[in-house]
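The structure appears below as structure tokens.
For clarity, every value in this text was computed on a predicted model and none was experimentally measured. Chain letters run A, B, ... following the sequence lines, proteins first, then strands; residues in each count from 1.
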Amino acid sequence: MSQTTELPTLTKKDLTSDQEVRWCPGCGDYAILSTVQSVVPELGGPREDLVFVSGIGCSSRFPYYMDTYGVHSIHGRAPAIASGISASRPDLKVFVMTGDGDALSIGGNHLIHALRRNVNLTIVMFNNQIYGLTKGQYSPTSELGKITKSTPAGSVDHPFNPVSVALGAEASFVARSIDNERAHLSEVLRRAAEHEGTAFVEVYQNCNIFNDGAFDAVRGNKEQQIRLEHGEPIRFGADGERGVALAGTGELTLVDVAAVGEDALLVHDAHREDPGLAFMLSRLAHTPTGPTPIGIFREVSRPVYGQALQAQIDDAIARRGPGDLAELITGRDSWEV
Amino acid sequence: MSQTTELPTLTKKDLTSDQEVRWCPGCGDYAILSTVQSVVPELGGPREDLVFVSGIGCSSRFPYYMDTYGVHSIHGRAPAIASGISASRPDLKVFVMTGDGDALSIGGNHLIHALRRNVNLTIVMFNNQIYGLTKGQYSPTSELGKITKSTPAGSVDHPFNPVSVALGAEASFVARSIDNERAHLSEVLRRAAEHEGTAFVEVYQNCNIFNDGAFDAVRGNKEQQIRLEHGEPIRFGADGERGVALAGTGELTLVDVAAVGEDALLVHDAHREDPGLAFMLSRLAHTPTGPTPIGIFREVSRPVYGQALQAQIDDAIARRGPGDLAELITGRDSWEV
Amino acid sequence: MTKTAEKVDTVTIRFAGDSGDGMQLTGTRFTSATAAIGNDLATLPDFPAEIRAPAGSLPGVSGFQLHFADHDILTPGDDPDVLVAMNPAALKANLGDLAPGATVILNADAFTSQNLKKARYAADPREDGSLEQVRVVEVPITTLTVGALEDVPDLNKKQKQRAKNMFALGLMSWMYSRPTAPTLEWLREKFASQPTVAEANIAAFEAGWNYGETTEVFDHRYEVAPAQLPSGRYRQITGNLALSYGLVAAADRAGLRLFLGGYPITPASDVLHELARHKSFGVQTFQAEDEIAGIGTALGASFAGQLGATVTSGPGIALKAETIGLAIAVELPLLVLNVQRGGPSTGLPTKTEQADLFQAVFGRNGEAPLPVIAAATPGDCFHTAIEGARLALRYRTPVIVLSDGYLANGAEPWRVPDVDDLPDLRDDAAFTTEPNGPDGEFLPFLRDEATLGRPWAVPGTPGLEHRIGGLEKAEGTGNISYDPDNHHRMTELRQAKVDRIADDIPPLEVDEGEGPGPRLLVLGWGSTYGPVAAAVRAARREGHAVAHAHLRHLNPFPANLGEVLARYDRVLVPEMNLGQLRTLLRARYLVDVQGYNRVRGLPFTTRELVEAIAAQLTDVDADR
Amino acid sequence: MTKTAEKVDTVTIRFAGDSGDGMQLTGTRFTSATAAIGNDLATLPDFPAEIRAPAGSLPGVSGFQLHFADHDILTPGDDPDVLVAMNPAALKANLGDLAPGATVILNADAFTSQNLKKARYAADPREDGSLEQVRVVEVPITTLTVGALEDVPDLNKKQKQRAKNMFALGLMSWMYSRPTAPTLEWLREKFASQPTVAEANIAAFEAGWNYGETTEVFDHRYEVAPAQLPSGRYRQITGNLALSYGLVAAADRAGLRLFLGGYPITPASDVLHELARHKSFGVQTFQAEDEIAGIGTALGASFAGQLGATVTSGPGIALKAETIGLAIAVELPLLVLNVQRGGPSTGLPTKTEQADLFQAVFGRNGEAPLPVIAAATPGDCFHTAIEGARLALRYRTPVIVLSDGYLANGAEPWRVPDVDDLPDLRDDAAFTTEPNGPDGEFLPFLRDEATLGRPWAVPGTPGLEHRIGGLEKAEGTGNISYDPDNHHRMTELRQAKVDRIADDIPPLEVDEGEGPGPRLLVLGWGSTYGPVAAAVRAARREGHAVAHAHLRHLNPFPANLGEVLARYDRVLVPEMNLGQLRTLLRARYLVDVQGYNRVRGLPFTTRELVEAIAAQLTDVDADR
Ligand SMILES: Cc1ncc(C[n+]2csc(CCOP(=O)(O)OP(=O)(O)O)c2C)c(N)n1
Ligand SMILES: Cc1ncc(C[n+]2csc(CCOP(=O)(O)OP(=O)(O)O)c2C)c(N)n1
Ligand code: SF4
Ligand code: SF4
Ligand SMILES: [Mg+2]
Ligand SMILES: [Mg+2]
């Protein structure tokens, strides 16, 4: 984002476009929109440097509601289009707003390659574990056995764990939050947006029409929420009475803090180069029915694709001077007739 | 694979097609071909039940050289095409032969979805860390800074670790081996082929034309090879004098066995439900320059897509009887004119 | 029943309301009751791409139009005789389509100042004269519904209000003398597990009916007698359902199992949904990660010996283009169904269009010919799917079958065919089981002399192991071949195989009407069948001589098409695109075909086509 | 130099050997030396899709043909005067292309019984009479090479043998009196870091030269005088290089940065490779994960204000179709380069073809028009790329630029244009920086009246924040619109924008030759330019009156094209496809255009086209 000398003066209102919001009443998307509109001004930087890119899906309508630059592209391709924007214009702040179908079904490959490359993008994936816009088919995050329009006898395919996928794809920033947990979501989104490189945020989002209550077990429920805080022992439960410890065999176990003592708990280290532990944490709740970690799993620094590309250009110009077109097309082996 | 009452009598020769092999002299693909032709007869089952499917690339020419059923499809799509074959015909034994570009670049999404679904496929990925057939561009597994035709100033994107990608994508069987380490490769391929569900095998393969010696550090070099054996403490080195241990912080460390004692070593557990440890092991050598694990990282049992699909059909027929076409198209609300 | 009933021969009604108001359901139920009476009918659902846009807004309006009659009809009707508007937005969005004198039934309760604002009405249209041309009937539908449900327990006011569509359905059912029994039975069944909800909906429905019967707002009702359709067993069917049944039937008649590899996309998803329900037919559905995998799995299944099919809409076909090319190269049977929608790009997902013909015929790299056929009516989707399978199996080729959003969701009464009358596809689907080469070897690209199709030898067949792929293949052996002359020959063979189909399909039939020989031919394809046929009828009623023909086969064309075109002074091709069939015809037959082209996301009206026909006739006369 | 030199005006030679024998390099170096002399020239590399098929096998043969002359020439020559065959397979694969009396220089050392078997020769062709029609010169090239390198240290025999292609180059350079300095200099530079290898190659080259000069095998050599080309500075250029330079030049002239999103694919990859080298021009290259991401990043870059481009071949275009549709919908400038190869599917990756024209014009869902242009010669790729950028920028549209495998790898001398003479694209590329609406708002779909292009407002511009997307947009505001009439209007506007380009391109020029007014027009497009022009010349030499024209703009066509076609009794369109341009012309102008169509993966020969022209002329005369 380009430097401004003035303090940021954007307000939520500045970011609200004049377009009627066309989500179903009660959809979790509203809360995410509102939170994004509140968080973005805090980042500083002018509105004209903001770009929101999306694919297709209910969630992908997001850019229309932001009074910024925006592209509502085609299904699954937002990470690619956004990569072109970000790589060619490192001065911009580029967001990708996407759904579980858009990002992990048709768009899975672009997603993992963006993560691998570490393009400067903030990817926010609205996971409602369903295809909303096409009226309720199961998605790659739907639980096994899911009964939907396209699986009347229950789905037979094992879902992805989006955090695991991202970590397996070399992501430098991976987090998870929940649509209506505003404070948590704000903090996660702010950190994600400030991250240099590709930040991937999974947001549990309620689709009250086709998959209502999918995350009720986790939402607001302290028993089922493991809030990850860098540098802190991993505790959860109504009063933090439970915790996560590492067995010598290399398995994570859920323990009673009183029984094992706080020192036995694993201390969360989001900045660790090795994504192994973050990955193990991601497995803790394969579906949001067991205690499920939310927060930042991983946050490490790695060269950023667009910057590295630009550095090669700067370096070439520094060494050879700016290109001379006549010289280029004439080449070294020309002759006069 | 269908049951035969006779003992398998296939020989390597039976599996060798009459097509001239068109790889460069010295290419690692030859060794893999030869090993596959030796291993497959050991699996039992008749030749006509074997199907080899590939995409595009030097490695993807593989099916032409096998005297079995085969499809040399289009770039990146082999896992999808093979999924259609396997899901619709659980009686067949279906292999996917693919390259690092085919499987992880253009075909990345089909790969991870096949792994997630656990379709009954044996996927063998020839990783030469380069695009061979298109004459030497960097691939998604090429090391950072790789100088190739398309990256004369060095690549700026971080590579995938194929084993990590597969584990992040819920793979039930993940292994790694080396083109010319015949005994090891044979064993890994045999186990992979016997696995029910999707087995993913990364094979380090030398492309002597465009990326010669990429794996020389690991190949045949005991110092740099960590051979994973299920149920065994993880040791390596010329005389097994080094080993892998787990620190309390959740990081793997390379240790001297003499200094820490064998009991301090991690015992490899490929059958563990939780892929966390396998993932940690996959991080041990990001590129094959540090000690690199080879062997089977993970081997767990999970419902197989095609079988589950068939079970739903069997169940429907058992409950409702085989479909009656006239009844179906007449429906319940018809009337006579 | 005390009020008198007026007999009318044809009626068009439109229900319009918020996306959340249940208008599609209301329309569908009215249609079922209408079908049960034995009227002929045609429907036009029209809904937004959003699931549920904000209540009361213009983009959120959802509509369902139904045309029914005591004679055979062909279209969902040009302009409604009655519009039921559940809120101001529904009124505003639909008023322009009404002819003077039409009836508008308004839900008066919804005309609050807030709703008027949401509909972007500056003033109340009931007061500013904008409804002068129509007959307005205001009914406080919401209030009456809630009132009628007073005694229903366990439901709050909001829940009660949601039954208001049933009130509207009841009222309209009374007005057009529809039978109530099927609707009541359906409600009981649908809400079997929620008896309160069933009760509420039934009460609302009956309240609507009684409102018509008792109040003085309506002084009489209407009756539409059953239509005299050819005898047989009938059912109501939409295009997507017919397409699904057609696939099941084709597999059954071929003795194969159906494998559908698909990815959801409007307006094609319902085919995936429907087929997923028919596991007892051995049907396998595979919801893939994207359209490419959808067709990839289907092609794999074809290789493995199933009837492979994939279903999508325009953007999905674009993604499948490379794999369709592979299917052409490996010469395997494959069905590629395109339920067209408005384009380009994401376009208008819930609207109809027929602008993917070029893509179907030409949208691949290299010389990549394949058969293309299109369905004419919802029920015809059934037979078109079977015809697609016949061509795919007999010629060992992918086939593109075109439907569109109008056919997909539109309904009509359909004469259920006798299963034994359906084509027997077993010979076309026969697998090769023996070597075919002179030396006892298997030659996977040795063609059948009649069809030029190649053998289909499926894995599991001993001795026929072989490899296929997308590189050019040597004639006969199928080995990779870079030989220049072989490539030319194979290119011509692939083309010849498709061209040859022209001799295996019925010649184009022309309906010349009665009276003097017409000089104008109106030629349609796909879903314009209904409007074009209706317009031709209307033009003839006005005394014009017009010939009419309809193309099912778009590639190759029927063998007699050139001769047919040459017979007329003028050929008019109405299309919901900018002239795609017209272009193909001009290129092939060098005939100066004229077009009538509108790309509005809606089927043609009879009226506009009658005018287009009249304009052509004037031109032809001027040329005389 | 003691031997006499015979002056000849034109020579065609072909180097052929194993893929590992370095024939492409040998041919390229001979070409460079030939260019340096000032001959006109044209080349035809022809290699297998495999990197290095098994040594000695037929599929492994790689060839390089060069035609050079003292006058301007247009093709790489029909049949070689001299074939250099490095092994039996090379002889076998190429012998059929030789005319009687041609010279064959054989590497005698390679004619071992093993190699003969690998080449599937039953008997030694040197002994069984199969070489009777040609003049055979046997040279033990391998032995002589190894012998010449006796004193070169640190190289084993195998390494020494690898220099044998330099021996052949030396021999041929002697034979055709090519200068040695450029080759020696190039070797020294190329192997600067490996002096032994440089030394070996130089020694082999000189040995070859001396072999010609001293042995009695050759009694004289040949000289080809420089050609009289229009004055100017010349260089040798291939189509892919020219395409790359064209893109760099276009960006430069537009004041934009070039962004290439690509994915390697034969025969287009070299454009990606070349552009990756020009970072000092600010060029960004992005090797994407696939073709879809390639165009996706390019479109993103366009939105962000770069000159976005993507390069691929046919199968890649198929994959990009959906995103091209999006680019049409959002109306952003974008260059889509297709270096065509043999199809369908994977087809013949290293061979040429022009069968992607249909795909370019029609290969997308919905009504999705865009400009399509094609390059005629390797050097013309430069100007065609700039023309593509001009149209993309001025009309805010994706443009498809067609090249093919023959242009891509073929070389010709190219007059280097003066940079100041290149079109100035800055006005066309200007970003919008101020609101354009009546109320101070920004209307991203308010069109320029002249071009119908929309404003290009790039992120970072305050006050012009806006959203674009693939759903249908309201005229002016660009807001999502499902309005039927708006959709029809937008569909027509997108078409009109492309159609309008017809008035912004030069009318088609026809070369009528001298003499009586021709009744036959031969009309070409793309890489057939050379063979067609050569055939027309030849036909005229034979006394025929033939007109010749060449289309650069395939969509829309030049405004005068219809009038041009009408002028002739007969129009012949030769194409390396089954008649794609012919179909477009017939549809548009209702002219019974004739085709000459061969799909052999190779450029046309002059001879076959002369025959095709003669056949048409006979027909025209018969019609008289
Ligand atoms: C190429 C293509 N394929 C399919 C579709 C249909 N489609 C639109 S959105 C969608 C899935 C949306 O699911 P998700 O990304 O989870 O978004 P949600 O609606 O749940 O927010 C699909 C399949 C499309 N628009 N384009
Ligand atoms: C759609 C498409 N895009 C690109 C290509 C060109 N292509 C062929 S093989 C290949 C990469 C091969 O790399 P890899 O899979 O690693 O195989 P290898 O040759 O190294 O064994 C590419 C880019 C193609 N054939 N099709
Ligand atoms: S369908 Fe679901 S995800 Fe889409 S807008 Fe409605 S509630 Fe939200
Ligand atoms: S290019 Fe490399 S991978 Fe391909 S065949 Fe040759 S050595 Fe093997
Ligand atoms: Mg979703
Ligand atoms: Mg590779």
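Of the inter-residue distances, the one linking B:Ile329 atom CD1 with C:Ser244 atom OG reads 13.0 Å to the nearest 0.5 angstrom. Separating the CH2 atom in C:Trp414 from the OG atom in B:Ser334 is a distance of 11.0 Å, to the nearest 0.5 Å. Taking CD1 of B:Ile56 as the reference point, atom CG of C:Leu471 lies at 6.0 Å (rounded to 0.5 Å). Interatomic distance, OG1 of B:Thr330 versus OH of C:Tyr234, reported as 13.5 Å (0.5 Å rounding).
Looking at B:Asp324, only its backbone comes within 4.5 Å of chain C, counting heavy atoms on both sides. Of the atoms belonging to C:His278, it is side-chain heavy atoms, and not backbone ones, that fall under 4.5 Å from chain B. Contact annotation for C:Pro417: both backbone and side-chain heavy atoms come within less than 4.5 Å of a heavy atom of chain B. With a 4.5 Å cut-off on non-hydrogen atoms, B:Ala82 does not touch chain C at all. Only the side chain of C:Asp290 has a heavy atom closer than 4.5 Å to any heavy atom of chain B. For B:Tyr305, the part sitting under 4.5 Å from any heavy atom of chain C is the side chain, from C-beta outward, and nothing else. For C:Glu322, the parts lying near chain B are the backbone and the side chain together; criterion is any non-hydrogen pair under 4.5 Å.
For the pair B:Ile81 and C:Leu326, the minimum side-chain heavy-atom distance is below 4.5 Å. With contacts defined as side-chain heavy-atom distances shorter than 4.5 Å, the pair B:Leu325/C:Val248 qualifies. Two residues are said to be in side-chain contact when any heavy atoms from C-beta on lie closer than 4.5 Å; C:Ile292 and B:His110 meet this criterion. In this structure, the side chains of B:Arg61 and C:Ile480 come closer than 4.5 Å at one or more pairs of heavy atoms. Residues C:Arg415 and B:Val337 are not in side-chain contact: their nearest non-hydrogen atoms beyond the backbone lie 4.5 Å or more apart.
With respect to chain C, the highest number of heavy-atom pairs below 4.5 Å among B:Arg22, B:Arg89, B:Arg320 belongs to B:Arg89. With respect to chain B, the highest number of heavy-atom pairs below 4.5 Å among C:Gly305, C:Ala36, C:Ala249 belongs to C:Ala249. The choice from C:Gly294, C:Gly232, C:Pro413 that makes the most heavy-atom pairs within less than 4.5 Å of chain B is C:Gly232. Options C:Val458, C:Ile468, C:Val416 differ in how many heavy-atom pairs under 4.5 Å they form with chain B, and the most are formed by C:Ile468. Highest contact tally toward chain C, considering only B:Gly76, B:Ala80, B:Ser88, B:Ala87, is held by B:Ser88 [criterion: heavy-atom pairs under 4.5 Å]. Annotation: maximal heavy-atom pairing with chain B below 4.5 Å, among C:Gly282, C:Pro462, C:Ser231, C:Gly469, occurs at C:Pro462. Between chain B and the options C:Gly325, C:Ala242, C:Ala304, C:Ser280, the largest number of non-hydrogen pairs under 4.5 Å is found for C:Ser280. For the set B:Ala326, B:Gly321, B:Ala78, B:Ala316, the entry with the most heavy-atom pairs within less than 4.5 Å of chain C is B:Ala316. Ranking B:Gln312, B:Arg319, B:Arg47 against chain C, the residue ahead of the rest is B:Arg47, based on heavy-atom pairs under 4.5 Å.
In C:Arg277, the CZ atom is not crowded: 12 or fewer heavy atoms of neighbouring residues, nucleotides or ligands sit closer than 6.0 Å. The number of heavy-atom neighbours closer than 6.0 Å to CD of B:Glu336, taken from other residues, nucleotides and ligands shown, is above 12.
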For a salt bridge (Lys or Arg N to Asp or Glu O under 4.0 Å) check, start with the C-alpha distance between C:Glu189 and B:Arg332, then their side-chain angles and the critical distance, and finish with the verdict. CA-CA 13 Å; C:Glu189 204 169 296; B:Arg332 296 196 315 166; 2.8 Å; yes

Worked check of side chain to side chain contact (heavy atoms under 4.5 Å, CB included) between C:Asn479 and B:Gln19: CA-CA 8 Å; C:Asn479 292 338; B:Gln19 298 300 296; 3.1 Å; yes

Could you please spell out the steps behind the side chain to side chain contact (heavy atoms under 4.5 Å, CB included) verdict for C:Leu464 and B:Glu48? CA-CA 8 Å; C:Leu464 303 193; B:Glu48 62 268 20; over 6 Å; no

Verdict with supporting geometry, C:Gln284 and B:Gln310, side chain to side chain contact (heavy atoms under 4.5 Å, CB included): CA-CA 8 Å; C:Gln284 295 192 322; B:Gln310 190 54 45; 3.8 Å; yes

Step by step, would you call C:Glu289 with B:Arg116 a side chain to side chain contact (heavy atoms under 4.5 Å, CB included)? CA-CA 11 Å; C:Glu289 56 272 24; B:Arg116 163 175 90 76; 5.6 Å; no

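Among all heavy-atom pairs drawn from B:Val51 and C:Pro459, the shortest one is CG2-CB, 3.8 Å. When all heavy atoms are compared, the tightest approach of C:Lys279 to B:Ile317 is O-CG1, 4.2 Å. The two atoms that bring C:Phe286 and B:Ser83 nearest to each other are CZ-CB, 4.1 Å, heavy atoms only. When every heavy atom of C:Phe281 is checked against every heavy atom of B:Leu328, the shortest pair comes out as CZ-CB, 3.7 Å. The two atoms that bring B:Tyr69 and C:Thr461 nearest to each other are OH-O, 2.7 Å, heavy atoms only. Here the shortest heavy-atom pairing between B:Ile313 and C:Val283 reads CD1-O, 3.7 Å.
B:Asp333 and C:Gln236 share no side-chain donor-acceptor pair at under 3.5 Å.
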